[in-house]
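Bear in mind that the values here come from a model prediction, so they are computed numbers and not experimental data.
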Amino acid sequence: MKDRKRTISLQMILFEFRKTIGNPYVHIFGVGMPVLMMIVITRVVGMEVPEGEMRSQMVTAVFLGIGALIPLATVLMGYAVSHAQELEKGIPQRMELFGIRPLVSLCSRAVSEVLFMLAAFCVYFTVGFAVVGVNAPAVSGAVLYLVCILALSVILFGLAHGVASLLRKFSLTYCVTMLLYFALMMLGGMMGISYDNLSAPLQAVARLLPVTYFSRDFYIVWSGDSYNFAPMLQAYLFLGAAAGILLFFAARGGRRKLH
């Protein structure tokens with residue numbers, strides 16, 4: 001009998017997309033929370049800063065920073081929790097019996113996460129431009145924001161997969177990813193504490209995280225002004241290396257289980 005292995009297809013992507021939108025965490029933390037925080041914090045900024053160019057700049061800076069919550073919630077927390085739950089129930093092994101390889105499922109899930117994030121950003125940007133008065137970007141600024149968000153999402157996907165594959169339990173994965181989510185929010189300046197208000201040791205940690213640059217500097221890029229990307233690139237490399245190490249140990253653990 002021929003070995004019929006299923007490949008990536010529209011059917012597989014839709015199957016994974018249904019699992020993604022069936023996860024309540026991505027709706028609460030990936031859509032609702034960023035929109036709510038964006039409205040509340042920009043209103044607070046609006047009350048403290050006189051109306052004018054400075055006010056619109058600060059509102060836009062807050063908007064861009066909080067936007068980084070969407071991949072944090074949908075990919076880091078949402079995917080990790082969902083994958084850990086599936087591992088705990090042995091679903092990947094059962095899917096393999098039907099000829100669906102783990103890599104096919106993983107790639108299909110990655111595409112579904114991108115589709116959900118795209119929808120979440122459409123909602124977020126619609127509210128941002130319609131309700132809080134975000135400044136229009138330069139074309140280069142909008143493109144670079146999209147590229148940086150996608151690069152962050154890829155790294156977070158690897159980080160989430162590594163954490164879930166190592167812990168393999170819903171409760172532990174939920175706890176760890178929730179702690180990471182709020183830690184990245186705090187250090188990235190998305191909880192009302194700016195980078196300048198952090199202590200020196202926490203600033204050193206914050207500089208190693210890409211989300212910090214979304215809150216602190218991305219308005220410069222958004223406006224089309226020149227910007228030194230070297231510190232941000234170093235932060236991406238650091239987080240990417242951390243995700244790579246986790247994936248390496250997760251892969252080793254998986255091979256050990258097979259033997």
Side-chain angles (χ1 to χ4, degrees), residues 16 20 23 25-26 29-30 68-88 91-93 96 101-114 117 147-190 195 198 201-216 229-259:
E16 293 294 341
T20 301
N23 184 348
Y25 298 104
V26 298
F29 294 103
L69 281 180
I70 295 173
L72 282 178
T74 58
V75 180
L76 176 62
M77 192 169 69
Y79 171 68
V81 167
S82 175
H83 186 54
Q85 197 168 34
E86 290 177 359
L87 288 172
E88 199 170 20
I91 292 174
Q93 290 85 350
E96 277 197 85
R101 294 169 294 178
L103 184 60
V104 169
S105 181
L106 187 67
C107 292
S108 300
R109 185 57 181 266
V111 174
S112 76
E113 294 286 345
V114 170
M117 270 207 315
V147 169
C148 290
I149 285 288
L150 284 173
L152 176 64
S153 302
V154 169
I155 294 171
L156 292 175
F157 190 80
L159 195 64
H161 189 78
V163 169
S165 299
L166 283 171
L167 298 178
R168 305 183 75 85
K169 285 188 178 296
F170 169 81
S171 56
L172 285 174
T173 303
Y174 178 76
C175 179
V176 169
T177 53
M178 184 66 81
L179 288 172
L180 285 172
Y181 176 76
F182 283 110
L184 289 167
M185 276 180 65
M186 185 190 75
L187 292 169
M190 291 175 267
Y195 171 84
L198 296 173
L202 288 179
Q203 283 185 352
V205 176
R207 285 194 297 271
L208 298 173
L209 304 171
V211 289
T212 301
Y213 300 92
F214 282 96
S215 298
R216 194 182 70 171
F229 280 93
M232 187 190 293
L233 181 60
Q234 289 172 354
Y236 271 93
L237 291 173
F238 171 78
L239 194 62
I245 290 167
L246 275 176
L247 287 171
F248 172 75
F249 283 110
R252 283 191 63 182
R255 282 199 297 269
R256 197 174 293 123
K257 280 181 173 60
L258 290 174
H259 294 297

Heavy-atom closest pair, residues [X] and [Y]:
X	Y	answer
Gly162	Ala250	O-CB, 4.1 Å
Tyr174	Thr177	O-OG1, 3.3 Å
Gly78	Val26	CA-CG1, 3.8 Å
Leu198	Ala206	CD1-CB, 4.2 Å
Leu208	Pro210	O-CD, 4.0 Å
Ser108	Glu16	CB-CG, 3.6 Å

If I take atom [atom1] from residue [X] and atom [atom2] from residue [Y], how far apart are they, to the nearest 0.5 angstrom?
X	Y	atom1	atom2	value
His83	Thr173	NE2	OG1	9.0 Å
Leu209	Met186	CG	CE	10.0 Å
Thr74	Leu69	OG1	CG	10.0 Å
Arg168	Glu86	CZ	CD	11.5 Å
Leu166	Phe249	CG	CZ	8.5 Å
Leu246	Ser165	CG	OG	9.5 Å

Should [X] and [Y] count as side-chain neighbours, where that means a heavy-atom distance under 4.5 Å?
X	Y	answer
Leu184	Leu76	yes
Met117	Glu113	no
Leu152	Val75	no
Val176	Leu180	yes

Exercise for the section: Describe, in one word, how the ring planes of Phe182 and Phe29 are oriented to each other, choosing from parallel (under 30°), tilted (30 to 60°) and perpendicular (over 60°). Expected result: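 Plane angle over 60°, so perpendicular.
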Practice task
Please answer whether the main-chain N or O of Pro71 pairs with a side-chain N or O of Ser153 as donor and acceptor at a distance below 3.5 Å.
Solution key: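 Checking the backbone N and O of Pro71 against the side chain of Ser153, no donor-acceptor pair under 3.5 Å is found.
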Exercise for the section: Please test Cys175 against Leu179 for side-chain contact (heavy atoms from CB on, under 4.5 Å), starting from the C-alpha separation and ending with a verdict. Expected result: CA-CA 6 Å; Cys175 179; Leu179 288 172; 4.2 Å; yes
Handout entry: Test item: side-chain donor near acceptor, Arg207 and Thr212, under 3.5 Å
Key =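 Their side chains do not contain a donor-acceptor pair, so the 3.5 Å distance test is not met.
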Practice task
Check ring-ring contact (aromatic ring centres under 6.0 Å, His included) between Phe214 and all other residues, then give those that pass, not counting sequence neighbours.
Solution key: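 By the ring-ring contact (aromatic ring centres under 6.0 Å, His included) rule, Phe214 matches Tyr145, Phe218.
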